[in-house]
Structure formats: structure tokens, C-alpha cells
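A short write-up of the structure that comes next.
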Amino acid sequence: MVRALNFSAGPAALPLPVLERAQQEFVNFKGTGMSIMEMSHRGKHYDAVHSEAKQRLKQLMNVPDTHEILFLQGGASMQFSMVPLNFLKEGSTAGYILTGSWSEKALQEAERIGKTFIVASSKESKYRSIPSKSDWKDDSGLSYLHITSNNTIYGTQWHEFPETNAPLVADMSSDILSRPLDISKFALLYAGAQKNLGPSGVTVVIAHKEWTASHSNSLSKFLDYNTHLKTDSLYNTPPTFSIYMLGLVLEWAEEQGGTDGLATLNKEKAELLYDCIENSGGFYRGHAEKGSESHMNVTFNLPDQELEKDFLGKAANEGFIGLNGHRSIGGCRASIYNAVPLEAVEKLADFMKVYRKNHPSRSFSFQ
Ligand SMILES: *Cc1c(COP(=O)(O)O)cnc(C)c1O
């Protein structure tokens, strides 16, 4: 079997050992004669899967006892609604920092619920960077401040998190578990699993318990974080198979040296591609500005669209999957999440170098 060179943005590559383990256990989980998918979510086998996944994540991400881990459904997109439904009360204002399409979507949901304020935005410079603190507007008195830690579509990432007096809420869908993190800085963070944690279907939320308990959503019990806090994410049937897979991915992450080991590897992978872009004599141009480059999604352009199309076509012929940029901005994007092996990234860098060599007379003439 030849594994694809998978650079998809999400759902994305999963570690091969995880898939193989799931395959082994698929039909007969721990000698029960059943798949994990066929069992009660209140039974002892699933219970162990559920609590082990939570415990592993707590350890890997160094989650302090002030915070609780939730396994929800609905993707990051449902969190765009749940956050303002719970924390944006009448008479208060929620702050948003716009760094790409996903933060815009998060803002749009909050606008439906209450008053919002854009504290900073890099939209005018085509989301090439993360706004620096000196460009922020006044962030005092906000009910919370929402940021997107990694911008999957534009390929930028916060490399340091800002000091703010507002409770900090972060969408970490595309870089959770990719590096060490000080969870105590965040009131709440969330991530759909399908980029860095496992298959789609489960959304991880890490919430400050007291802050969350001091708010509620009177409209819907299900969309109230406290419902899930009080029931250990077992208020209703959780996405059992996705949580099982998450647990396997977390076990694999431990074997990679946890977030420290993963961060080192991710940096090495990202540098391979950024170096290749930088040393291409202007043939490839990165979208992100220096200092804001994502270690998860490397976005770049070629001198013109025709050449981009040719590049993507040739790359596809060589077995590279998912290198086209998001449909909203075009160009090229290599998503190199935790599970994308170094060897795949090396192959891509080699391919890019050869392709550049084969087009010696071309260089950039950007507007
Ligand atoms: C993919 C993505 C989303 C959307 O996630 P869903 O789980 O599909 O709702 C939101 N935010 C970011 C940063 C993403 O990368």
C-alpha cells in the first residue's frame, strides 16, 4: 500500500499507526465481539475510552484544575454561536480580532446575538499578518475577546498570545496540540477535531470552570456549556467513535514527545517549505508576512494563475493531495498538521525546487 502525500486542510491526514490500531480493533473491541460504535455510551468500555481521552488531553495540554475539557458536537462553527449565546449578555460588548475568514464568521454569529467591537483587524492588508498590540483599539470592559490562533485559509498564526484584561476566547481548530500552550491565559478555547486531533464529529472545548459557571444560556439547555460541564459531556449521546479516535491520536501524540516534540517537528516541517519559498528567487511568494507565518498552513503563490494551475496539476500527478488554496482566495496551500510526516514535506520541498528549476525564466511581477 502507498499512503497518499496528504496536505489537505481538513479533514486532514491522520497518523498511520492510529488508523491501523483502529482497524485492528474495529470489529472486536477488547474481546467484546462488538465495535466501539455499537456499544452504549453509558457502559464500562466506552466509559474508559471517554475518560482516558480526557485524561490524556489534560496531561498533554497541561490543563490546570481551574479548567474543564468538554467533548461537544457541531464543529467549531457551533462554537461561533455558543460563545456569544453564553457570554455576550445584554448591555455588554464582545471584542473580536479579525485575522481571516474564520474570525469573520465567528464575528457574524456574535453580531446576531448582541453588541460587538472589532478590536483589531488585518483585513485591509489581505490578512497577511497578525495585528500587533500597538494597533489594537481599547479592549477594556469587554465581556470577552475572541481570537483565531491559526488562520487556516490565509496561513498566519499567533506566535505569542496577547495580554488583555478581557477573558480570552480562542478558536484553535487548526493548531491545537501543535505546540505548548499556557491554558491559564484562556477563559475558553475550542477546536473542531478534524485538523489536528482526529476525525470530524467531536469538538474539543477547554473552559475555565468558574467563568463558565457564572454565565448561562437561558434559551437552550443544550447550547449552555454548563449542561455539558455538569454531565462530563454525557448529557446526551456523544460522538463515541470520534472520541475513541481522538484517544488514539492522543496516545500517538504522547509517543511523539507531547506538545514539545510536536512543536519541534512542526517547526522543522514549516521551515523546509518557507526556506524553499524564500530561496526561489521570487518564483514562489508566501502570503504571510514575516513573523506571522503559520507552522500549520503554508500559503503561497506562483508568478501567475496559469502557472499555479500547471503547478497544482503536476503536483497532483506526483501524488500530492490537497495543495490548492481555499476556494475563496486561490493560490496554493500546504497543510502540514501534526500527522503529516516530515518525509512528505521533504518530498514536497524537493518537488517545488525541481518545478522552479524547470521554469528558469519566470519570476514575480506582482502588482
Ligand atoms: C476548519 C475551521 C473552522 C470550521 O470548523 P468546523 O468544524 O467545520 O465548523 C473554524 N475555525 C477554524 C480556524 C478552522 O480551521
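Whatever order the structure lists them in is the order used to number ligands and atoms, beginning at 1. Note that the structure is predicted; figures quoted are calculated from it, not measured.
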Q: Using a strict 4.0 Å threshold on nitrogen-to-oxygen distance, state whether Lys54 and Glu68 make a salt bridge.
A: yes

Q: Under 4.0 Å from a heavy atom of Gly75: give me the atoms of ligand 1 that qualify, with their elements.
A: 7 (O), 9 (O)

Q | Validation row: Thr212, Phe87 side chains within 4.5 angstrom (heavy atoms) | A | yes

Q.
Between the side chains of Glu163 and Lys185, is the shortest nitrogen-to-carboxylate-oxygen separation below 4.0 Å, so that they form an ion pair?
A. yes

Q) Is the closest basic N to carboxylate O distance between Arg56 and Glu251 below 4.0 Å? A) yes

(Q) Taking 4.0 angstrom as the limit and counting only heavy atoms of Asn150, give me the atoms of ligand 1 inside it, by number and element. (A) 13 (C)

(Q) When you compare ligand 1 with Asp171, is there at least one nitrogen or oxygen pair between them that comes in under 3.5 angstrom? (A) yes

**Q.** Contact (N/O only, under 3.5 Å) between Phe80 and ligand 1
**A.** no

Q: Taking the side chain as every heavy atom from C-beta outward, state whether Cys332 and Leu312 have any pair of such atoms under 4.5 Å apart.
A: yes

**Q.** Electrostatic pair Glu278:Lys290 at N-O distance under 4.0 angstrom
**A.** yes

Q) If we only count N/O pairs under 3.5 Å, is Thr148 in contact with ligand 1? A) no

(Q) Which residue is it: Met296, Arg179, Gln157? I am looking for the one with a side-chain contact (heavy atoms from CB on, under 4.5 Å) to Ser149. (A) Arg179

Q. Which residue supplies the protein heavy atom nearest to atom 15 (O) of ligand 1, what is that atom called, and how far is it?
A. Thr152 OG1, 2.5 Å

Q.
Counting non-hydrogen protein atoms only, what is the nearest one to atom 9 (O) of ligand 1? Give residue, atom name and distance.
A. Ser77 OG, 2.6 Å

Q: Could you tell me whether Gln194 approaches ligand 1 through its side chain, its backbone, both or neither, with non-hydrogen atoms closer than 4.0 Å?
A: side chain

Q: Look at atom 5 (O) of ligand 1 and say which protein heavy atom is nearest, naming residue and atom and giving the distance to 0.1 Å.
A: Ala76 CB, 3.5 Å

Q: Assess Ile153 for proximity to ligand 1: is some non-hydrogen atom of it under 4.0 Å away?
A: no

Q. Sub-3.5 Å donor-acceptor pair from the side chain of Ser122 to the main-chain atoms of Ser129, do we have one?
A. yes

Q: May I ask you to list the atoms of ligand 1 that are less than 4.0 angstrom from any heavy atom of Lys195?
A: 1 (C), 2 (C), 3 (C), 14 (C), 15 (O)

Q) How does Thr203 reach ligand 1, by side chain, by backbone, by both or by neither, if only non-hydrogen atoms under 4.0 Å count? A) neither

